[in-house]
2 protein chains.
Amino acid sequence: MTDYSLLLRENDLKATFQRMQILETISKFGHLTIDSIYTEISKVHSSISLATIYKNILMMVDRGVLTEVPIIGKKSKYEIKKDEHIHLICISCGDVHDKSFKDRTIEYIDSISDDFLLSTTHREINLYGVCNRCNNI
Amino acid sequence: MTDYSLLLRENDLKATFQRMQILETISKFGHLTIDSIYTEISKVHSSISLATIYKNILMMVDRGVLTEVPIIGKKSKYEIKKDEHIHLICISCGDVHDKSFKDRTIEYIDSISDDFLLSTTHREINLYGVCNRCNNI
DNA sequence: CTGGTTGCAAAATTTTTGCACTGGT
DNA sequence: ACCAGTGCAAAAATTTTGCAACCAG
């Protein structure tokens, strides 16, 4: 169990109950949409406001605590920021799995860029397919 | 100038004026959001309805004529479906450039997947940074 | 204490839907 | 001529905003 109050304060955000809930909920599921975060937290703290979730997700993305994971044909999910990795995404249920880069993947990918971009600040590598669970349903 | 009426009919879509306009507008700019498509087409055909754009974008994505390009922190853009490629995306202006894969990139990327996915149907590789133009403003 | 944060309610924005009319094939 | 496709207007869904009360530091 990570110390999210520290993570928040390191990023100049007060460690409120709501923010702790958001981080713990995302951590529990890995990747969640805004409305799923709201639904989950509502189960244990029914008075939480959706507006608070919105404000905080935006702010935490801005401060680099969270990362947005946009998904083709679905709503963006959010994850706790971590080392760069690949996403395996099920086109049926939308479930997302993280997968580490192999050594040298970043260098390999960055070498494909050209002079349109000054430098690469962030990479997104997503592989889409049907996951095992959906295939068996 | 590609024959979009053929492309549409191959995908069981009638070649209406509105669809032709959508495809030609996207083709002209490369990558556009739904509201930009609407704004552009309105300039030459002021009575076009935004609902028509929405219905058609969804349908053309579904039929594989268009591809959605989700972008972190911005609205999705749409491009005409083409061979797999990388996107270079400016985090400031949102401009998108296409870049061909190097040989063997697909094999390399797919080899990172694991048994969560049965097989990979689509790959997304996006590199984010500040583009030259934004850097000079 | 006090400035940032919350919850609520209202506003703004985005997307979807229903339906009579139109136009491609 | 038929039926998919269009435009409009209304509805639904999503996101943002303003503000009084609240609470973490």
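Proteins get letters first, then strands, A, B, ... in listed order; numbering begins at 1 in each. Just so we're clear, the structure is a prediction, and the values are computed from it rather than from any experiment.
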[X] [atom1] to [N] [atom2], straight-line distance once rounded to whole Å:
{"X": "B/Glu10", "N": "C/dT25", "atom1": "CD", "atom2": "C1'", "answer": "16 Å"}
{"X": "A/Leu8", "N": "D/dC23", "atom1": "CG", "atom2": "P", "answer": "18 Å"}
{"X": "A/Arg9", "N": "C/dG4", "atom1": "CZ", "atom2": "P", "answer": "17 Å"}
{"X": "A/Ile57", "N": "C/dT6", "atom1": "CD1", "atom2": "C1'", "answer": "15 Å"}
{"X": "B/His45", "N": "C/dG23", "atom1": "NE2", "atom2": "C1'", "answer": "12 Å"}
{"X": "A/Met60", "N": "C/dG4", "atom1": "CE", "atom2": "P", "answer": "17 Å"}
{"X": "A/Ile53", "N": "C/dT5", "atom1": "CD1", "atom2": "C1'", "answer": "13 Å"}
{"X": "A/Ile48", "N": "C/dT5", "atom1": "CD1", "atom2": "C1'", "answer": "12 Å"}

Check your understanding: Under the 3.5 Å rule, do the base of C/dG4 and the side chain of A/Lys55 count as making a donor-acceptor pair?
Key -> no

Point to revise | Selected nucleotide, minimal atom distance to B/Met59 side chain, candidates D/dG5, C/dC8, D/dC8 | key: D/dG5

Exercise for review: Starting from the C-alpha separation in whole Å, work towards a yes-or-no answer on side chain to side chain contact (heavy atoms under 4.5 Å, CB included) for B/Lys99 and A/Phe116.
Suggested key: CA-CA 10 Å; B/Lys99 189 79 192 177; A/Phe116 169 66; over 6 Å; no

Point to revise | Modelled atom types, side-chain donor and acceptor of B/Tyr128 and A/Glu124, under 3.5 Å | key: yes

Practice item. Indicate whether the side chain of A/Thr105 and that of B/Tyr108 have a donor and an acceptor atom separated by less than 3.5 Å. Key: yes

**Study point:** Distance (rounded to the nearest 0.5 Å) between B/Glu68 CD and B/Leu58 CG
**Key:** 9.0 Å

Point to revise | Within residues 11-19 of chain B: residues closer than 4.0 Å to DNA chain D (heavy atoms) | key: B/Leu13, B/Lys14, B/Thr16, B/Gln18, B/Arg19

Review point. With A/Asp3, which residues qualify under side chain to side chain contact (heavy atoms under 4.5 Å, CB included), at least two apart?
Key: A/Ser5, A/Leu6

Check your understanding: If two hydrophobic side chains count as joined below 4.5 Å and joins carry through other members, does B/Ile106 share a cluster with A/Ile72?
Key -> no

Review point. Given A/Leu66 and A/Ile80, is the side chain to side chain contact (heavy atoms under 4.5 Å, CB included) satisfied, shown in steps?
Key: CA-CA 5 Å; A/Leu66 296 180; A/Ile80 294 174; 4.0 Å; yes

For nucleotides 14-16 of chain D, give me every protein contact, N/O to N/O, under 3.5 Å, one pair per line with atom names.
| unit_1 | atom_1 | unit_2 | atom_2 | d |
| --- | --- | --- | --- | --- |
| D/dT14 | OP1 | A/Lys75 | NZ | 3.2 |
| D/dT15 | OP2 | A/Tyr54 | OH | 2.3 |
| D/dT15 | O5' | A/Tyr54 | OH | 3.3 |

Point to revise | side chain to side chain contact (heavy atoms under 4.5 Å, CB included) evaluation trace for A/Lys77 with A/His87 | key: CA-CA 11 Å; A/Lys77 296 192 171 189; A/His87 293 122; over 6 Å; no

Check your understanding: Under 4.0 Å between a side-chain N/O of A/Thr52 and OP1 or OP2 of C/dG7, yes or no?
Key -> yes

Practice item. Test side chain to side chain contact (heavy atoms under 4.5 Å, CB included) on B/Leu8 and B/Leu23 and set out the steps. Key: CA-CA 10 Å; B/Leu8 287 167; B/Leu23 291 173; 3.8 Å; yes

